[in-house]
**Q** 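What follows is a structure written as structure tokens; I'll ask about it next.
Sequence lines set the chain letters: A, B, ... in the order given, protein chains first and strands last, and positions in each chain run from 1.
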Amino acid sequence: MVENLGDFRRDKYCGEISLEDVGREVRICGWVHRVRNHGGVIFIDLRDREGIVQVVVEEAKDPEVYEKADSIRPEWVIGVRGEVRRRPEGTENPKLKTGYVEVRAKEIRVFNTSEVPPFPVDEETHVSEETKLRYRYIDLRRESMKENLMFRHRFYQITRRFFEEEGFVEIETPFLTRSTPEGARDFIVPSRLHPGKFYALPQSPQLFKQILMIAGFDRYFQIARCFRDEDLRADRQPEFTQIDFEMSFVREEDVMEVAEKLVVRLFKDLLDIDLSRPFDRITYEEAVSRYGTDKPDRRFGLELVDLTDLFKESEFNVFRSAVASGGVVKAINLKGRNPSRKDIDDLTVFVRGLGAKGLAWIKLDQGKVTSPITKFLSQAEIEGVLRKMSAEEGDLILFSAGSWQEVHRILGALRTHLAEKYDLVNGSGWDVLWVVDFPLMEWDEEEGRFVSLHHPFTAPKEGDEEKLREALKVEDLEERKRIVHSVRARAYDLVINGEEVGGGSIRIHRRDIQDLVFRLLNISEEEAQEKFGFLLEALKFGAPPHGGFAFGLDRMVALMRGLDSIRDVIAFPKTQKGICMLTSAPDRVTPDQLREVHIKVVE
RNA sequence: GGAGCCGUAGUUCAGCCUGGUCAGAACGCCGGCCUGUCAAGCCGGAGGUCGCGGGUUCAAAUCCCGUCGGCUCCGCCA
């Protein structure tokens, strides 16, 4: 039944057969997509990487081939030798690329049979993520998944060509490296040769690319795998891919220009979309105060409006005390939707889920102001709100009061939630922008110290170094916070449609500045030496001014393909618990393996 | 670490609130018929640990508790 390949040589992909092949004999190989048996004539849709072509077998003309074809089932792997012919008039299928032709089978070879697949290889059937990942090889046979990976392939090739043209050198950096204390949790790898010692998988090639600059490579890039042992999301996998690059003797603009040119190239070549350069830039401060997030989606309005001044003296305690303790009162206006009480209650549930105590609101309904809070507000305050919010009939104004961070976090999340719920994002537009002027550090309440917003190697704005020295001299913590928070970083994030697709910075190339930053981050001399000693040392041996950038490749590809989850652009992704459904990794290893790497598992 | 949704035939899902003709549909699969279909059509058939464990009850897919898994989100993470 099952035959060897033998002398059968494919000379064309199924999906590539066209009118030009009419009259020619072809050999094609592939998977049986569908069989339509009409009794006397059998149609087999044969599928390979490039597409589907219809194979026809007629009992009257080819009785032996017919008998064989009669037993063939979906997902069998077969080879067909046959003549390409134009389909009879009226039987063309314009839905197929090959729909004007068909292959009359003169010979069929069954290379392999298949069990009935756990789910059909089509676009119509919705299959659970669990099943799809367990049988990933079948899922990947589906047209859309195949397209996703082919798109990703072209993405790589364009990227490589681009960097080559721009004079960048592709260099690989190690996977087995050392643990870094800042940032995400590391995946660690035990060492057989060094009992009790561990490698770590890199969170990014950050330090290596800086060292490559010190080594003089000047312009480096890599399509690099990165590993972070943190909880997963639709846009986060434990291993993911970055387009990483670094340049010497450059300022922010130089790095951003390269990043922009790559994005423009990718959109043009892959989607035939013209993005205009330079991309918009907004400051971190502006992004957060207008949109409540450092990765704003500007395809819809719902901007945050500051009402702090209005409520300084308010009788409404919630607002007044927020202002009194240095916080803010802000609001967004959901225009003209006239939401029901139930809708508003749902929004309250939503913000509670984000940690808000409640949701104050004012609604304009049939010329009247409806609200649970107006009884605490003066007429002047109500009028002030309505004026500042440009409130009209059917509008709903939603408030948040509290610390600057808290208010923006909640209203920012509420803003995107509303946009989704009320379908405010209009169509296919692309909102591409840079967010710049990030603070260098922020105070982390939990850790009781400053932490880097990007990473500890990000340079402060030229001229701001002095502030760092000053901050170290100040004893008073609040005063020190004030000074440190005023220091801007030479960092830049690229945001597309509200998703952070990449980020980078100009790095610190001077040992004295790096020391200063470590001191402010409360990283001791000893710790810095132990963890980054190799970088600190390298900085002493002629480190050029340098900076770079890294794109989240998976996110970019998913975004460009209009997909919500990066799992769909990764051949073998993990589940939310970090499990590979295909291989069942992670799994136990044998006691021998553990002994070899000097590990004892504590239950 | 936390919240929500989901888990029933190979697949997708209904049934669950209100416990008792609740083991159901569609697709797929198997068999038959059928010479131009293309998600072929028509006729017939097989197929279930209702995720798992415990509890309540005369009786549990259905109610309760626990647990495992998938997804989404918060925390976490550039």
**Q** Taking 4.0 Å as the cut-off, does a side-chain nitrogen or oxygen of A:Lys95 come that near to OP1 or OP2 on B:A39?
**A** yes
**Q** Going through the checks in order, is the ring-ring contact (aromatic ring centres under 6.0 Å, His included) test met by A:Phe457 and A:Phe532?
**A** CA-CA 11 Å; A:Phe457 317 106; A:Phe532 316 109; 5.3 Å; yes
**Q** Which residue lies toward the 5' end of RNA chain B, A:Val41 or A:Ser128, if each is placed at its nearest nucleotide?
**A** A:Ser128
**Q** Considering every strand and a 4.0 Å limit on heavy-atom distances, what is the contact class for A:Arg34: base, sugar-phosphate, or nothing?
**A** sugar-phosphate
**Q** Just compare B:U12, B:C76, B:U37 and give me whichever is closest to any side-chain atom of A:Asp231.
**A** B:C76
**Q** Say we look at B:G7 and B:C16: how far apart would their C1' atoms be, to the nearest angstrom?
**A** 13 Å
**Q** Does the B:C74 base have a donor-acceptor partner in the side chain of A:Arg409 within less than 3.5 Å?
**A** no
**Q** When you compare B:U57 with B:C50, how far apart are their P atoms, in angstrom units rounded to a whole number?
**A** 22 Å
**Q** Determine: side-chain N/O of A:Thr575 to OP1/OP2 of B:G70, distance under 4.0 Å, yes or no.
**A** yes
**Q** Start with the C-alpha gap between A:Asp122 and A:Arg34, add the side-chain angles, then the distance that decides, and say whether side chain to side chain contact (heavy atoms under 4.5 Å, CB included) holds.
**A** CA-CA 10 Å; A:Asp122 64 24; A:Arg34 274 197 186 89; 3.9 Å; yes
**Q** If we take the P atom in both B:U62 and B:G15, what is their distance in whole Å?
**A** 15 Å
**Q** Please classify the nucleic acid contact of A:Pro118 as base, sugar-phosphate, or nothing, using heavy-atom distances under 4.0 Å.
**A** sugar-phosphate
**Q** Please give the distance between the P atoms of B:A23 and B:C27 as a whole number of Å.
**A** 23 Å
**Q** Sticking with atom C1', work out how far B:G47 lies from B:G55, rounded to a whole angstrom.
**A** 32 Å
**Q** May I ask you to verify if any side-chain N or O of A:Arg233 is less than 4.0 angstrom from the OP1 or OP2 atom of B:C74?
**A** yes
**Q** Using the P atom as the reference point in each nucleotide, state the distance between B:G66 and B:C71 in Å, no decimals.
**A** 23 Å
**Q** Please work out if A:Glu58 contacts a base, only the sugar-phosphate, or nothing of the nucleic acid, heavy-atom cut-off 4.0 Å.
**A** base
**Q** Rounded to whole angstrom, note down the P distance from B:C77 over to B:C64.
**A** 37 Å
**Q** Within the 4.0 Å heavy-atom criterion, would you say A:Glu102 contacts the bases, only the backbone, or no part of the nucleic acid?
**A** base
**Q** Need one value for A:Asp229: base, sugar-phosphate or nothing, where a base atom within 4.0 Å counts as base even if backbone is also close, heavy atoms only.
**A** nothing
**Q** A:Phe221 and ring-ring contact (aromatic ring centres under 6.0 Å, His included): which single residue from A:Phe549, A:Tyr156, A:Phe551, A:Phe163 fits?
**A** A:Phe163
**Q** Any side-chain N or O of A:Thr125 below 4.0 angstrom from OP1/OP2 of B:C27?
**A** no
**Q** Could you check whether A:Lys295 pairs with A:Glu499 (Lys NZ or Arg NE/NH1/NH2 to Asp/Glu carboxylate O, under 4.0 Å)?
**A** no
**Q** Measure from the ring centre of A:His455 to the centre of the six-membered ring in the base of B:A78, then say whether that distance is under 5.5 Å and the planes meet at under 30°.
**A** no
**Q** Which whole number of Å gives the distance between the C1' atom of B:G54 and that of B:C17?
**A** 23 Å
**Q** Mark this stacking check for A:Phe119 against B:U11 as yes or no, applying ring centres under 5.5 Å and ring planes under 30°.
**A** no
**Q** If the cut-off is 4.0 Å, is A:Arg36 near the phosphate of B:U37, judged by side-chain N/O to OP1 or OP2?
**A** no
**Q** Between P on B:A40 and CD1 on A:Ile42, what's the gap in Å once rounded to a whole number?
**A** 14 Å
**Q** According to a strict under-4.0 Å criterion, is A:Arg228 in side-chain N/O contact with OP1 or OP2 of B:C76?
**A** no
**Q** Is the distance from OP1 or OP2 of B:U37 to the nearest side-chain N or O of A:Gln54 less than 4.0 Å?
**A** no
**Q** Centre of A:Phe438's six-membered ring, under 6.0 Å away, within 45 degrees of the axis: is that where NZ or CZ of A:Arg490 sits?
**A** no
**Q** Would you indicate, yes or no, if B:U72 has its OP1 or OP2 atom less than 4.0 angstrom from a side-chain nitrogen or oxygen of A:Arg567?
**A** yes
**Q** Would you mind classifying the nucleic acid contact of A:Glu129 as base, sugar-phosphate or nothing, using non-hydrogen atoms under 4.0 angstrom?
**A** sugar-phosphate
**Q** Heavy atoms only, 4.0 Å cut-off, all strands: where does A:Glu92 land among base, sugar-phosphate and nothing?
**A** base
